[in-house]
Amino acid sequence: MKENPVDSEALKFHLCSLQRNVIELLGKISDLMYQTSVAVGSDEASQKYIKFQQEIVQASRNVQDLKLKLAIVAPMKAGKSTIINAIIGQPLLPSRNAAMTMLPTEILLNAKLKEPVLILSSQFLSTFEQTWLALRHSITESGIEPILEQTNQYPHLAKLIQTIFFQENFALLAKASGCKAVNQTLTHLNDISRLCHLITPQIEPLESLTDFPRLHTPFWRTSQKIVQPEQLGNLVIVDTPGPNEAGTHRLAAVVEQQLQKSSMVLIVLDFTQLKTQAAEQIKEEVQKAIELRGKENLYVLINKVDQRREGDMTPEQVRRFVASELGIGDADDTERVFEISARFAFAAANFFMELQQHPRIAVTKLQTARPLAQEVFGVDWEEDLEDATVEELQQKAQKLWKKSSFAPFLETAIDALIERAAPRCMKSALNISNSRLLQLCNEARSLPSSVTKPAKRFRSEARSIAEDLILIDLWRKSLIELEEIKPLLHEQIREDLEIIKNKTLVNLEKYFFYEEYQRASVITRYATSFFVKLNNLERFPQAHIVQRFGRWLLSRLQFAPTGVVYLKTPEEAEKFYDYALNYTKEKLDNLIEVSSQDISIKLEQKRQELQNRLEEEISKFSKKVRDYFQNNFSSNSSSPNIFIKPDGIKIWGSQFRTEIESVEKYQKKQVKAWGRLSLIKMNRTTAVKYAVSLSELSEQVNQLIEQRGERLKQRANEYLEQEFKIDMENLFKELIQL
């Protein structure tokens with residue numbers, strides 16, 4: 001995995017500087033919330049501001065670690081765990097037909113890892129050790145049979161109950177590595193939590209836990225995407241229980257805490273159950289989080305659309321429904337609503353992941369082949385799998401992945417959040433603080449000025465930093481566009497050079513053919529032109545006979561384009577060689593000049609497009625920033641000029657290499673005359689002449705084209721890196737310092 005090449009040192013420096021500013025500001029706001037909790041009269045109001053302080057402290061921790069936390073919430077069995085597994089490409093999170101998830105789990109996508117690692121803190125292990133002992137005590141007192149009867153709706157817990165009864169100590173390591181070990185550990189922990197909720201709810205571990213499992217994992221798109229360096233932040237996905245999974249009719253308190261700690265929220269809804277009570281409960285709780293963080297921090301997944309049937313809601317109707325239910329109606333908002341099939345996506349992604357890890361594996365050894373075959377082959381999947389090849393399964397997996405519609409979600413949401421984790425993390429923290437400061441200011445009548453005045457000042461500082469973050473994001477986007485221009489530019493240069501090479505060599509061949517043709521006799525030139533015409537005959541029935549005669553006649557006249565020019569002396573050969581090179585050089589210089597101008601025009605168009613987008617975005621800023629942009633960017637940004645002078649590269653000079661060859665000549669001798677006709681006898685003679693080869697000249701021309709091409713690419717990159725890019729960096733530095 002390569003680091004993103006678009007991040008300049010200046011961008012990193014300003015991002016780190018903003019990080020310090022945000023942390024400092026959040027510290028001031030946290031102190032203010034504490035002062036406010038002391039200043040208010042009632043206990044209820046005091047607790048409210050203590051809660052606000054805790055939210056600000058958590059947001060500050062996220063900024064300190066540059067962790068962009070994305071909480072995923074869903075009703076029971078909406079496919080949340082399958083979605084996360086599809087993102088990762090491995091079955092790390094446990095999934096069953098019955099309710100599964102009880103424990104919130106943090107998933108950190110780390111492209112540098114080779115295998116997943118699950119980490120459990122000492123506080124977490126200690127809590128579960130006590131839970132294990134409490135469960136064992138309860139099972140021992142009640143007996144196994146009554147407990148099995150009590151938990152008969154969860155038959156998968158029967159084995160765990162027996163294990164707890166016979167095993168005194170809780171045996172679990174602080175670290176689990178590998179897909180199988182991670183899945184087994186999380187399954188074990190979730191089953192313990194659910195069993196505890198069923199038979200000993202008074203000591204449920206969820207209420208006492210302050211730390212939860214942390215899963216560090218690679219993901220199957222690692223080799224396909226460029227990911228931000230670590231110092232620019234990390235995306236952390238938080239798997240949370242649903243309403244029924246937490247065992248209540250609303251989200252458990254621990255889930256509410258996870259939402260408060262998260263910067264963003266991803267709601268998963270079941271397409272087949274869009275209007276159920278569980279969906280309503282999700283909407284009610286998530287709406288609180290969105291009001292705090294802003295609608296731009298909400299994403300919605302509609303899962304199980306593979307079950308759509310005739311008469312069901314269309315994609316457009318689903319979007320309108322979601323927009324209405326969640327209070328998002330703008331076009332930009334609905335772009336964060338995705339329809340997917342997590343089941344299809346996971347089957348394909350899991351197959352791709354295994355194939356990446358074992359590229360030469362046989363079908364019979366592929367563990368992911370059977371679940372993939374069940375999705376793509378239908379009722380006869382077992383028989384079809386026996387005859388399938390790896391290549392066929394790859395094609396089927398590609399089609400299934402496309403049908404899952406998962407790629408747009410990954411590209412628009414997950415990949416984008418990974419790339420922009422740091423600024424999004426800071427912006428979310430500022431949104432939270434601004435929301436709480438606004439609430440404080442609205443209650444100013446009952447609060448002293450020592451509280452309200454700093455609140456207004458801090459809101460102004462937060463807005464200023466938020467604008468800087470937007471500028472940082474615009475800066476980053478512009479650098480990314482510059483990086484995207486480079487490969488397009490290189491491809492354009494490559495195509496242009498190929499055209500130039502072909503045109504130059506064609507001219508050279510024509511030139512040589514012309515030189516040889518002029519040296520031929522009149523009858524030979526006539527026969528040659530006649531032969532060319534014969535070759536173009538298509539409709540003439542006996543064309544092939546005439547063409548065959550023409551070729552025989554031409555061979556008897558001993559003339560064909562050989563690609564070699566013969567001259568009498570070395571001086572003539574060298575003169576001709578230099579003349580031919582200069583002829584080609586002139587043609588090449590003209591073509592290079594046209595290509596340079598074309599590339600300059602394309603660069604200017606890209607530059608203008610980028611500038612127009614920046615003007616549109618910066619028009620939303622304050623007048624001071626807008627004026628500075630117009631005065632310091634539009635006028636100072638020069639149009640690209642990458643024209644290469646013909647004298648810039650020289651390889652010309654006398655490089656003639658003589659080749660002495662024996663050349664057969666024919667001497668005419670009249671034998672007998674019959675009226676106007678004469679018989680001619682051709683006597684062969686041998687002469688030594690000097691040859692100039694087309695292959696040598698072609699090699700010289702190709703060498704020149706390659707050198708000119710490299711120089712053209714170098715000059716274009718110099719413009720992008722040393723002129724336009726530096727102008728943009730200086731502009732954004734000044735904007736941020738305004």
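- The side-chain heavy atoms of Thr140 and Phe165, taken from C-beta on, include a pair separated by under 4.5 Å.
- In this structure, the separation between CG on Leu118 and NZ on Lys175 is 11.0 Å, given to the nearest 0.5 Å.
- Here the side chains of Val376 and Lys399 are not in contact, with every heavy-atom distance at 4.5 Å or above.
- A salt bridge links Arg343 to Glu375: one of the charged nitrogens lies within less than 4.0 Å of a carboxylate oxygen.
- The main-chain N or O of Ser95 is never found under 3.5 Å from a side-chain atom of Ser81 such that the two would form a donor-acceptor pair.
- The heavy-atom pair separating Pro241 from Leu103 by the smallest distance is CG-N, 4.4 Å.
- Proximity of a side-chain donor or acceptor of Asn62 to a complementary backbone N or O of Lys261 within less than 3.5 Å is detected.
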Self-check item: side chain to side chain contact (heavy atoms under 4.5 Å, CB included) between Leu301 and Leu269, worked out
Solution: CA-CA 6 Å; Leu301 287 184; Leu269 297 176; over 6 Å; no

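- The residues Asp239 and Lys80 are annotated as salt-bridged, a charged nitrogen and a carboxylate oxygen being separated by less than 4.0 angstrom.
- Nearest heavy-atom pair across Pro218 and Ile88 is O-CG2, 3.5 Å.
- For Gln367, the CD atom is loosely surrounded, since the number of other residues' heavy atoms within 6.0 Å does not exceed 12.
- Between Ser263 and Ser428 the shortest heavy-atom distance is O-OG, 3.0 Å.
- No side-chain heavy atom of Met264 sits under 4.5 Å from any side-chain heavy atom of Leu298.
- The distance from the OG atom of Ser262 to the CD atom of Gln58 is 8.5 Å, given to the nearest 0.5 Å.
- In this structure, the side chain of Thr389 engages the main chain of Glu392 through a donor-acceptor pair within 3.5 Å.
- How far CD1 of Ile164 is from CD1 of Ile192: 6.0 Å, rounded to the nearest 0.5 Å.
- The number of heavy atoms from other shown groups lying within 6.0 Å of CG (Asp43) does not exceed 12.
- Separation of atoms CD1 (Ile302) and CG (Asp270) is listed at 9.5 Å; rounding is to 0.5 Å.
- Asp384 CG to Lys396 NZ: the interatomic distance, rounded to the nearest 0.5 Å, is 8.0 Å.
- The shortest distance between side-chain heavy atoms of Asp415 and Phe409 does not fall below 4.5 Å.
- The closest donor-acceptor contact from the side chain of Asn85 to the backbone of Leu92 lies under 3.5 Å.
- For the pair Thr185 (side chain) and Ala181 (backbone), a donor-acceptor distance under 3.5 Å is present.
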Practice problem: Apply side chain to side chain contact (heavy atoms under 4.5 Å, CB included) to Ser404 and Phe346, showing your working. | Solution: CA-CA 9 Å; Ser404 74; Phe346 174 66; over 6 Å; no

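- Considering only heavy atoms from C-beta on, Leu18 comes within 4.5 Å of Leu469 through its side chain.
- No side-chain heavy atom of Glu129 sits less than 4.5 Å from a side-chain heavy atom of Trp132.
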Exercise. Kindly indicate, with the supporting measurements, whether the criterion side chain to side chain contact (heavy atoms under 4.5 Å, CB included) is fulfilled by Ser405 and Val305.
Key: CA-CA 10 Å; Ser405 300; Val305 294; 5.8 Å; no

Practice problem: Carefully, step by step, assess Arg136 and Glu168 under the rule salt bridge (Lys or Arg N to Asp or Glu O under 4.0 Å). | Solution: CA-CA 7 Å; Arg136 190 169 189 275; Glu168 183 175 353; 5.2 Å; no

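- At least one donor-acceptor pair closer than 3.5 Å links the side chain of Ser121 to the backbone N or O of Phe124.
- Between His188 atom NE2 and Leu186 atom CG the span is 11.5 Å, to the nearest 0.5 Å.
- Under the 3.5 Å distance criterion, with hydrogens and angles disregarded, no donor-acceptor pair is assigned to the side chains of Glu354 and His358.
- Counting non-hydrogen atoms of other residues, nucleotides and ligands closer than 6.0 Å to CZ of Phe170 gives a total above 12.
- A distance-only check finds a donor-acceptor pair linking the side chain of Thr412 to the backbone of Pro408 [under 3.5 Å].
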Exercise. Just do the ring pair (Phe, Tyr, Trp, His ring centres under 6.0 Å) check on Trp401 and Phe406 with the steps written out, would you?
Key: CA-CA 7 Å; Trp401 175 256; Phe406 210 71; 5.7 Å; yes

Exercise. Go through the steps for Gln47 and Lys51 under the test side chain to side chain contact (heavy atoms under 4.5 Å, CB included), then give the verdict.
Key: CA-CA 6 Å; Gln47 287 300 316; Lys51 181 182 177 182; over 6 Å; no

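- Closest approach of Ser142 to Pro146, counting heavy atoms only: O-CG, 3.2 Å.
- Remark: Glu44 CD is loosely packed, at most 12 non-hydrogen atoms of other residues, nucleotides or ligands lying under 6.0 Å away.
- With a 4.5 Å cut-off on side-chain heavy atoms, Ile84 and Ile107 count as touching.
- Remark: side-chain polar atoms of Thr131 are paired, donor with acceptor, to backbone N or O of Thr127 under 3.5 angstrom.
- In the displayed structure, Lys69 atom NZ is contacted under 6.0 Å by more than 12 heavy atoms of other residues, nucleotides or ligands.
- Contact annotation: the side chain of Ile23 approaches that of Gln19 to within less than 4.5 Å [non-hydrogen atoms, C-beta and beyond].
- Gln167 places a side-chain N or O within 3.5 Å of a backbone atom of Asn169 that can act as its donor or acceptor partner.
- Within a 6.0 Å radius of NZ in Lys403, other residues, nucleotides and ligands contribute 12 heavy atoms or fewer.
- Considering all non-hydrogen atoms of both residues, Pro91 and Asn350 come closest at CD-OD1, 3.7 Å.
- Here the shortest heavy-atom pairing between Leu198 and Leu157 reads CD1-CD1, 3.9 Å.
- Ion pairing between a basic and an acidic side chain is recognised when a charged N comes within 4.0 Å of a carboxylate O; Arg336 and Glu296 show no such pairing.
- Remark: side-chain polar atoms of Ser30 are not paired, donor with acceptor, to backbone N or O of Gly27 under 3.5 angstrom.
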